[in-house]
A.B. asks: 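Submitted below is the structure of interest, expressed as structure tokens.
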Amino acid sequence: MPELPDVEGFRRVAKQAAHRQVREVRVHDAQVLRGVGSEAFQRTLRRRYLAEPRRHGKWLLIGTAGAANAPASPPVVLLHFGMTGNLQWCPHDAELHDHDRVVFDFAAGELRYRDMRKLTGIHLAREQDEVDDLLAGLGPDAQQIEAAEFGERLTRTRRRLKPALMDQSVIAGLGNICVDEILWRARIHPNRSTADLTDDDLDRLYREMRAMLREAVRVGRVPDGPSWLTGHRDEPDRRCPRCSTALRRTRIGGRSTLWCPTCQPD
DNA sequence: ATGTCTGTTTCCTA
DNA sequence: GTAGGAAACAGACA
């Protein structure tokens, strides 16, 4: 699930905890902690205040601030949600979910990192350099990138369009669902070569990406209403919301891909 | 029961 | 360089 719009939704969840003091951190499954042990993670965060959460691509970054003798560069929590992760703001008496892996406890409530499959997890950066290292491989955020750079980065390498759009080092934030939606709206076949894209193709791609993200971010996920391709993904008789052609489902770049053979000619 | 599928990422080989 | 497969993981489904 979690692509840019979902993580943007999690960012709003995390805002509930901003400027609050961590009373304690409960680690129910240390496996999701990456590159840091339970003890160190808990010790580092206990009694610190969380900052306003930020997002880059599919990463959620939560800075911290200490009350006194704050280090010049305070620790930052970096969360990735893999395929099934999410963030919940719960009252203390809400029953613990089977997949609640880490719980941040505040006087006002709890922030819970919930994830069924533990494909990715939570990192702790002790200083800004470590944040930079973790995000070093990412391209510009899909919501921030400007048209010129979008075109330049996308066409920098010659490859199939869909895997290029999903490549986090090219642009950060788009996943399988977002990309299918963008390509369908821009009327471009997912298998087209980046090298063959016209300026007009690139212009449409950029504008449809922006429009799709704006709407999806508003609701905190890619909408699945009838006018969205996503809404028809799992229907038995999938038809294009625009032209009613039977949708095709194939595999591109190892990922399940939904597209309309009429709107998106090869 | 066994195999296949799934919104991610990374690592390996061709 | 890019493409393809496998792995990490857990569950649903045929």
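Note that this is a predicted model, so its numbers are computed, not measured. Below, chains carry the letters A, B, ... as their sequence lines are ordered, and counting in each starts from 1.
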A.B. asks: Below the 4.0 Å mark, does B:dT8 have OP1 or OP2 next to a side-chain nitrogen or oxygen of A:His80?
C.D. replies: no
A.B. asks: Just how far is it from atom CG of A:Leu183 to atom CD1 of A:Ile188, taken to the nearest 0.5 Å?
C.D. replies: 7.0 Å
A.B. asks: Taking A:Arg204 first and then A:Glu208, would you say they form a salt bridge - that is, a charged N and a carboxylate O separated by under 4.0 Å?
C.D. replies: no
A.B. asks: Output yes when A:Asp115 and A:Arg101 qualify as a salt bridge under the 4.0 Å nitrogen-oxygen rule, no when they do not.
C.D. replies: no
A.B. asks: What's the CZ-C1' distance between A:Arg255 and B:dT8, to the nearest Å?
C.D. replies: 6 Å
A.B. asks: Return the value, rounded to whole Å, for the distance between atom CG of A:Asn191 and atom P of C:dT2.
C.D. replies: 15 Å
A.B. asks: Atom CG of A:Leu154 and atom P of C:dT2: how far apart are they, to the nearest Å?
C.D. replies: 12 Å
A.B. asks: Cationic tip of A:Arg54 within the cone over A:Trp59's six-membered ring, i.e. under 6.0 Å and within 45° of the normal?
C.D. replies: no
A.B. asks: Apply side-chain contact (heavy atoms from CB on, under 4.5 Å) to A:Leu154 and A:Tyr206, showing your working.
C.D. replies: CA-CA 11 Å; A:Leu154 201 58; A:Tyr206 180 75; over 6 Å; no
A.B. asks: Describe the nucleic acid contact of A:Arg158 in one word from base, sugar-phosphate, nothing, applying a heavy-atom distance below 4.0 Å.
C.D. replies: sugar-phosphate
A.B. asks: Looking only at non-hydrogen atoms, find the nearest pair between A:Ala142 and A:Leu4 and report the distance.
C.D. replies: CB-CD1, 3.8 Å
A.B. asks: Could you state the CG-P distance from A:Leu165 to C:dT2, rounded to the nearest angstrom?
C.D. replies: 14 Å
A.B. asks: For the pair A:Arg11 and A:Glu8, find out whether any cationic side-chain nitrogen is under 4.0 Å from an anionic carboxylate oxygen.
C.D. replies: yes
A.B. asks: I'd like to know if A:Lys58 and A:Glu3 make a salt bridge, using a cut-off of under 4.0 Å between side-chain N and carboxylate O.
C.D. replies: no
A.B. asks: Can you tell me, in whole Å, how much space there is between the C1' of B:dG7 and that of C:dT2?
C.D. replies: 24 Å
A.B. asks: Give the dot-bracket line for DNA chain B from 5' end to 3' end: parentheses for intra-strand Watson-Crick or G-U pairs under 3.5 Å, square brackets for crossings, | for inter-strand pairing, dots for unpaired.
C.D. replies: .|||||.|||||||
A.B. asks: Pick the P atom in C:dA8 and in B:dA1, then give their distance to the nearest Å.
C.D. replies: 23 Å
A.B. asks: So if I take every side-chain heavy atom of A:Thr157 and compare against C:dG4, B:dT8, C:dG1, which nucleotide ends up nearest?
C.D. replies: C:dG1
A.B. asks: Return a single string for nucleotides 7-14 of chain C, one symbol per nucleotide in 5' to 3' order, where B is base contact, S is sugar-phosphate-only contact and - is none, cutoff 4.0 angstrom on heavy atoms.
C.D. replies: -BBBS---
A.B. asks: For A:Arg251 and B:dC5, give me the distance from atom CZ to atom P, rounded to whole Å.
C.D. replies: 6 Å
A.B. asks: Could you pull out the closest heavy-atom pair between A:Arg112 and A:Leu96, with the gap in Å?
C.D. replies: NH1-CA, 3.8 Å
A.B. asks: Counting any heavy atom closer than 4.0 Å, what does A:Arg249 reach on the DNA or RNA strands: base, sugar-phosphate only, or nothing?
C.D. replies: sugar-phosphate
A.B. asks: Counting only heavy atoms not in A:Glu39 (residues, nucleotides, ligands), do more than 12 fall under 6.0 Å from its CD?
C.D. replies: no
A.B. asks: Could you give the distance separating C:dG5 and B:dT4 at their P atoms, to the nearest angstrom?
C.D. replies: 14 Å
A.B. asks: Base, sugar-phosphate, or nothing: which does A:Gly82 touch, judged by heavy atoms less than 4.0 Å apart?
C.D. replies: sugar-phosphate
A.B. asks: What does A:Thr84 touch in the nucleic acid at a heavy-atom separation under 4.0 angstrom: a base, only the sugar-phosphate, or nothing?
C.D. replies: nothing
A.B. asks: How close or far is atom P of B:dT6 from atom CE of A:Met166, stated in whole angstroms?
C.D. replies: 12 Å
A.B. asks: Just the rounded figure in Å: distance from P of B:dT9 to CD1 of A:Ile171.
C.D. replies: 14 Å
A.B. asks: How far does the P atom of B:dT8 sit from the matching atom of C:dG1, given to the nearest Å?
C.D. replies: 25 Å
A.B. asks: Can you tell me if the side-chain N/O atoms of A:Thr120 get under 4.0 Å from OP1 or OP2 in B:dT9?
C.D. replies: no
A.B. asks: Starting from C1' on B:dG7, measure out to CD on A:Glu3 and report it in whole angstrom.
C.D. replies: 5 Å
